[in-house]
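Presented below is the structure to which this report refers.
Values below: every heavy atom of this structure, side chains too, minus hydrogens, waters and symmetry copies. Protein chains get the first letters and strands the later ones, always in sequence-line order, with residue 1 at the start of each.
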Amino acid sequence: MSEPLSPQYEPGLIEAPLFRDWEENGYFRADAERVIQDGADPYVIVIPPPNVTAVLHMGHGLNNTLQDVLTRWQRMQGREALYLPGTDHAGIATQNVVERLIATEGKTRDDLGRDAFVDRVWTFVDETGSTILQQLRAIGCSCDWSRTRFTLEPDLSTAVREVFVRLYEKGLIYRGNYIINWCPRCLTALSDEEAEPEETNGRLYHLRYPIVGDAPAGLPRLPDGRAYLVVATTRPETMLGDTAVAVHPDDERYRAIVGREVALPLTDRTIPIVADTFVDPEFGTGAVKITPAHDPNDFEMARRQNIAAIDILTPDAHLNRNVPAVYQGLDRFDARKRVVKDFEAAGLLDQVVDHTHSVPHCYRCDTIVEPRLSEQWFVKMKPLAEPALAASRNGDVRFTPDRWTKVYDNWLENIRDWCISRQLWWGHRIPVWYCGNAECGETIVAREDPTSCPKCGGASLTQDPDVLDTWFSSWLWPFSTLGWPQDTRDLKAFYPTNTLVTAPEILFFWVARMIMAGFEFMGELPFRDVYLTGTVRDTQGRKMSKSLGNGIDPLEVVNLYGADALRYTVVAGSGLGTDVYMDPANLEATFSVGRNFANKVWNAGRFALMNIQSDEVKSVSEVQDTLELADRWILSRLDAATEEVTRHLESFRFHEAAAAGYHFFWGELADWYLELLKPRLQEGTDVASREAAEATLVAALDGILRLLHPVMPFITDALWRRLPRVQGVDAPASIMIASWPLSGIRRDDAADAQMSALMELIGEIRTLRAEYNVAPGTPISIHLRDVHHNLGTALRAEERALRRMARVGGIEHDAPVVAGAAGAHAVLRGGAELFIPLADIIDLAQERERLQKELERLGGMLRGTEAKLGNEQFTARAPEDVIEREREKAENFRDQRDRLSTKLAALG
RNA sequence: GGUCGCAUAGCUCAGCUGGUUAGAGCGCACGGUUCACAUCCGUGAGGUCCCAGGUUCAAAUCCUGGUGCGACCACCA
């Protein structure tokens, strides 16, 4: 026997050694050759790579627990399971972190220069980059750590470069001047997805633009007699870049002045008044200032109308001749104040009203993003989107929950080109060079760094200074991590992967783009199933975040209650894609579900180990003939639990799978079977009964520990390893590599029915005792009448247990119940009556009424079913199994009716 | 404006194919500690399954409409 187990579960003592053992024995490693040569069935999950600088938060905790549950389950199903870990270099995020770091030394990135800065980031990443992966180990993730990847490592950079060149050669990457989202703090372009709209309270400034020359009557006039138009803007400073004013072509108010010009205040420019259907005559004054360089709609309109664009927001603004000297070099918000002040001074400020609107913010630093015209690199997305869209439409890729399918489709249907250049230093440098020879001006896009211009032979080449969007490496993750573009064994064995588990926030950023990349570069979907988790929120429903300070540190939870408690709690708390609520202020209450369950598992296991004397038990099949009712029942329930857990895992109903295991373990195994067993485990018990009990107990524990292992890997293995050996069975060293149980083998409906009857009897006795305030220790006697077969069998089989569990002294069968006798009385489900001679409170009439109602309802159901079966059309058309089910229903209803009638009759 | 989702116990949620008495955890009330576990055991209270119609022998479940809440996308001069 093993050393004594502590009465309270202490996860800290078992987790680290177990994890080390798993790792040292290579259980995490996946073998490509087993797939390729031996035909093993692969199961692959690639981790959504966390930012390399990240520390674990509950979102990761949820996400990676679910991935590990799937991986462990599939591994036990005998598949060659690969859970591939890694991190993302996270361009903006990481660069920001390091910039803040050097700021504490009073330096900027420009002080260091590009190379030194990038070196500095590498140092930082090397020092801290594996933190999050270490933390994933602490929550038990069974990743193949030997395959850990990083998006900026050489192999993955090769993949990125290959992809860039291929897309460029195919004409899907282009460089162009478009309005992009510019973060003035990060000083870089952002993709549309990286600019997050937020409701913001702002102001709408109404500005007067004087019309040049004579104006028709009816327009308002300035004191000097000039007519003017009023335009509204939330960003008055952009008026310096106005190149037109637009009105709706059908707007009567302005029809006469279309084609005329206005004098742009504060400048010496005049700009035309144009007509465009984009303008909403209902909004504001119906006249819109057009600033093509700083507004996407204006940009589009300017292209239609052939209007010039003036960029007033370049870092070189002070050189911009279009901006009057007083406004040059100002911050945009200072410029705004100045412009408004000057309008007011000139009598051109019409009014200012409060205005709530949503304004895009940088997803990394939350600064208000400025739309800005600039030259960037783009990927043409439409051709890439088509196969990705087809895949969801024909069901090749499946989203769970299903509602995300439409969200995904919708985005792909309206896809816009992807701005992939970033004005950062940390990332994959764009593999483009420009020939310095003014005569030549060649653009070179190459897999290998060029040394001279292939066109003119000139050696003066300059590489594009920008780097690529982080997601330009992550969209290749499912195959770049397996060695692409090399033709590797891993790629052959493990692509495509199977399941992707991630947060819905990155459906567009990442999931959709991975699917596109999979088709484009591998000719095949990267995965079939996408499971989108919910969001972890606090009790007020707020998303957990560092800035709100409402996060929960998973490692703290692991230290307090153990990884299994954490895992069980998040799994049980997350319905299909629903948000998970946790209270950061009360970890004890939040994680009590998992902690208490882990403790229960521990103690039930401990009980079993203490009570089984030998270190070897017989197999269940060997004691088949001496199994008692309770044994057959618990094995039947285990079989049912196995079926349930498996079925729920197959449909990503993690919470249901967890609940099924929990219910079996606590509600059936611990609450009933172990209690029923206690008399049989004592000294002096019949040897055959004891052997049957021990065999069954070990089998039941073995089964449920396997079912729980994917969710609670540590405690299940710790106990499983200590279980007595079963004669003639060779068990593997760890439950991790043990097989997943099969169901449909030990279902025993008779045992289920008999045990239910006994459980009901015990429940009724307890209820009556509680109702009549009989102290739990006081033995009682019971009278039973009309004991049906199931209960009779159960009583004969488990009478010792009944006496023990319900503190029953005498049992009188078929004792006459004297009318009006003092006592507690209950009618059991099967029609038997229970009488405890205690008091005289019983309402026969009420009970009769209830049963009568029940009988009527049942009659209705039975008539309906019989009518269906009697309907010729139904029986002619319905499939055989449907008809069979109807027949079973009818049968069942008739049985119930008969039983109810008997009950009613028994009440007199 | 477009698309989608949700509404069940005090709280957070299950409830899959319409069918026994609508469940769980937490919380609450009452009682219980020699003999695995007080991180425990037993019992109980607490539900117009958002509202109104419809289909059906039968609706929390399916359909229509309404109300309330939320998410995403677009727009927001």
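Distance A:Arg403 CZ to B:rC4 P: 13 Å, rounded to the nearest Å. Rounding to whole angstrom units, CG of residue A:Asp402 and C1' of B:rC72 are separated by 16 Å. In this structure, A:Arg807 places its CZ atom 12 Å from C1' of B:rC41, rounding to the nearest Å. The CD1-C1' distance, from A:Ile780 to B:rG42, rounds to 14 Å in whole Å. Distance, A:Lys406 NZ to B:rG5 P: 7 Å, rounded to whole Å. Separating the CE atom of A:Met805 from the P atom of B:rG42 is a distance of 8 Å, rounded to the nearest angstrom. With rounding to whole Å, A:Asp583 atom CG is found 13 Å from B:rG27 atom C1'. We find that CZ of A:Phe597 is positioned 18 Å from P of B:rC37, with the value rounded to whole Å.
Heavy atoms of A:Val593 sit under 4.0 angstrom from primed sugar atoms or phosphate atoms, though from no base atom. Among the protein residues, A:Ala604 comes within range of the nucleic acid bases, having at least one heavy atom under 4.0 Å from a base atom. If you check every strand for non-hydrogen atoms under 4.0 Å, A:Arg235 touches nothing. Nucleic acid contact class of A:Leu204 (heavy atoms, under 4.0 Å, all strands): sugar-phosphate only. Backbone-only engagement by A:Thr234 is indicated by non-hydrogen atom pairs under 4.0 Å involving sugar-phosphate atoms exclusively. Residue contacts for A:Ala246: at a heavy-atom cut-off of 4.0 Å it reaches no nucleic acid atom on any strand shown. Residue contacts for A:His648: at a heavy-atom cut-off of 4.0 Å it reaches a base atom on one of the strands shown. Among the heavy atoms of the strands lying under 4.0 Å from A:Val279 is at least one base atom, whether or not backbone atoms are also near. At a threshold of 4.0 angstrom between heavy atoms, the contacts of A:Asp280 include nucleobase atoms, whether or not backbone atoms are also involved.
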Could you go over nucleotides 73-75 of chain B and give all protein N or O partners under 3.5 Å, atom names and distances?
residue : atom : partner  : partner atom : Å
B:rC75  : O3'  : A:Asn297 : ND2          : 3.3
B:rC75  : N4   : A:Ser358 : OG           : 3.4

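In terms of modelled atom types and a separation under 3.5 Å, the side chain of A:Thr569 and the main chain of A:Gly594 share a donor-acceptor contact. Checking side-chain atoms of A:Asp350 against main-chain N and O of A:Leu207 turns up no donor-acceptor pair under 3.5 Å. Between the side chain of A:Thr590 and the main chain of A:Asp583, a donor-acceptor pair closer than 3.5 Å is present. Looking at A:Thr285, its side chain does come within 3.5 Å of a backbone N or O of A:Val230 through a donor-acceptor pair. Under a 3.5 Å cut-off, the side chain of A:Arg567 and the backbone N or O of A:Val711 do form a donor-acceptor pair.
Comparing B:rC6 with B:rG15, their C1' atoms sit 15 Å apart, to the nearest whole Å. Distance check on atom C1': B:rC51 versus B:rG68 gives 11 Å, rounded to whole Å. Comparing the same atom, P, in B:rC50 and in B:rA22 gives a spacing of 15 Å after rounding to whole Å. With both ends at atom C1', the span from B:rC28 to B:rU12 equals 16 Å, rounded to whole Å. The C1' atoms of B:rU39 and B:rC49 are separated by 33 Å, rounded to the nearest whole Å. Taking atom P on both nucleotides, B:rG18 is separated from B:rC62 by 8 Å, rounded to a whole Å. When the P atom is used for both B:rU33 and B:rC41, the distance is 16 Å, rounded to whole Å. Using atom C1' as the reference point in both B:rC63 and B:rU21, the two lie 28 Å apart (nearest Å).
Between A:Val231 and A:Glu760, the residue anchored closer to the 5' end of RNA chain B is A:Glu760, taking for each the nucleotide with the nearest heavy atom. A residue-by-residue look at A:Asn603 and A:Ala589 shows that A:Ala589 has its nearest nucleotide of RNA chain B further toward the 5' end.
For A:Lys678 and A:Phe607, the positive end sits near the middle of the six-membered ring, less than 6.0 Å away and at most 45° from its axis.
One N or O donor and one acceptor, one from the side chain of A:Glu675 and one from the base of B:rA36, sit under 3.5 Å apart. Side-chain atoms of A:Arg606 stay outside donor-acceptor range of the base of B:rC37, with no qualifying N/O pair under 3.5 Å.
Distances were taken from every side-chain heavy atom of A:Asp671 (C-beta onward) to each of B:rU43, B:rC41, B:rC16; the shortest belongs to B:rC41. When each of B:rC37, B:rA36, B:rG42 is scored by its nearest atom to the side-chain atoms of A:Arg766, the top-ranked nucleotide is B:rG42. Listed candidates were B:rA36, B:rG25, B:rC40. Nearest to the side chain of A:Trp666 is B:rC40. With B:rU39, B:rG15, B:rG25 as the candidates, the nucleotide lying closest to the side chain of A:Tyr662 is B:rG25.
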Verdict with supporting geometry, A:Ile612 and A:Leu697, side chain to side chain contact (heavy atoms under 4.5 Å, CB included):
CA-CA 9 Å; A:Ile612 297 173; A:Leu697 178 55; 4.0 Å; yes
For side chain to side chain contact (heavy atoms under 4.5 Å, CB included), just list the numbers for A:Leu507 and A:Phe399, CA-CA rounded to whole Å, side-chain angles, deciding distance to a tenth of an Å, and then say yes or no.
CA-CA 11 Å; A:Leu507 183 62; A:Phe399 293 91; 3.8 Å; yes
Show your reasoning for whether side chain to side chain contact (heavy atoms under 4.5 Å, CB included) applies to A:Asp564 and A:Tyr568.
CA-CA 6 Å; A:Asp564 291 330; A:Tyr568 183 83; over 6 Å; no
Stepwise, does the side chain to side chain contact (heavy atoms under 4.5 Å, CB included) test hold for A:Phe664 with A:Glu644?
CA-CA 10 Å; A:Phe664 173 78; A:Glu644 253 188 285; over 6 Å; no
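In this model, the phosphate group of B:rC16 is not approached by any side-chain N or O of A:Ser651 to a distance below 4.0 Å at OP1 or OP2.
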Secondary structure of RNA chain B in dot-bracket form (Watson-Crick or G-U wobble, distances below 3.5 Å, | marking inter-strand pairs):
(((((((..((((.....[...)))).(((((.......))))).....(((((..]....))))))))))))....
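With sequence neighbours left out, the side-chain hydrogen bond (donor to acceptor under 3.5 Å, both in side chains) criterion links A:Glu643 to A:Arg647.
A:Tyr9 pairs with exactly one of A:Trp602, A:Phe597, A:Tyr561 by the ring pair (Phe, Tyr, Trp, His ring centres under 6.0 Å) rule, that one being A:Trp602.
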